[in-house]
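Worksheet for the structure shown next.
In what follows, residues are counted from 1 in the order of the sequence shown.
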Amino acid sequence: MVQNAIVKKIVREGVAEVSLLRQMECGLHCDGACAGCSAKPPQEILALASNGIGAVPGDFVEVEPSGGHGISPSVAVFLLPCVGLGLGYVLGTNVLHLGELAALLPAAVGLAAGFLPAVLMDRAITRSHAPEFAILKRLG
């Protein structure tokens with residue numbers, strides 16, 4: 001999905017920090033005249049973007065998500081704890097022959113065991129510092 005952004009600063013050669021703009025009815029063509037506009041976001045959303053066109057700070061640009069992390073790591077981060085919970089419960093009821101209430105203990109252990117790789121994967125994605133977007137063109 002293509003979005004509009006403002007280049008905030010150049011981080012390194014070929015990479016810029018951009019402030020993403022929400023899509024709004026006015027299209028942000030108000031030139032700051034509507035300072036009390038309730039549609040403006042309460043805080044900036046900053047992201048890294050590959051800067052192949054040589055945009056400079058202050059440029060109004062069009063960006064699109066780069067083909068990087070996709071949705072599969074996010075699904076894994078959310079599913080791993082659920083799988084651990086289910087496996088722990090099945091282990092408790094079928095293998096250890098515990099009652100339903102007692103099987104909650106291995107289920108809780110499985111949930112905690114599922115959180116560990118999920119947290120590690122999430123931290124690795126966050127620390128990668130790879131550009132999340134690519135600058136397509138200047139908008140004017």
query = Quick one: hydrophobic cluster around Val83, which other residues, with the 4.5 Å side-chain cut-off, linked directly or via members?
reply = Leu87
query = Under the 4.5 Å side-chain heavy-atom rule for ILVMFWY, direct or indirect, which residues accompany Phe78?
reply = none
Taking every non-hydrogen atom, the tightest pair across Met121 and Leu80 = CE-CD1, 4.5 Å
key: CG on Leu136 to CG on Asn4, rounded to 0.5 Å   = 10.5 Å
inquiry  = Can you tell me how far apart CG (Leu20) and CG (Leu46) are? Round to the nearest 0.5 Å.
reply    = 8.0 Å
inquiry  = Run the side chain to side chain contact (heavy atoms under 4.5 Å, CB included) test against Ala49 and tell me which residues pass, sequence neighbours left out.
reply    = Val18, Phe133, Ile135
message = Could you work out, with salt bridge (charged side-chain N to carboxylate O under 4.0 Å, His left out) as the rule, every residue matching Lys9, not counting sequence neighbours?
response = none
Result block: side-chain N/O donor-acceptor pairs under 3.5 angstrom for residues 53-62, not counting sequence neighbours:
residue	atom	partner	partner atom	Å
Asp59	OD2	Val56	N	3.0
Asp59	OD2	Arg138	NE	2.9

query = Mind checking what makes side-chain hydrogen bond (donor to acceptor under 3.5 Å, both in side chains) contact with Lys8, not counting sequence neighbours?
reply = Glu44
Tabulate below the donor-acceptor pairs under 3.5 Å that side-chain atoms of residues 93-116 make, not counting sequence neighbours, or state none.
residue	atom	partner	partner atom	Å
Thr93	OG1	Tyr89	O	3.1
Thr93	OG1	Val90	O	3.4

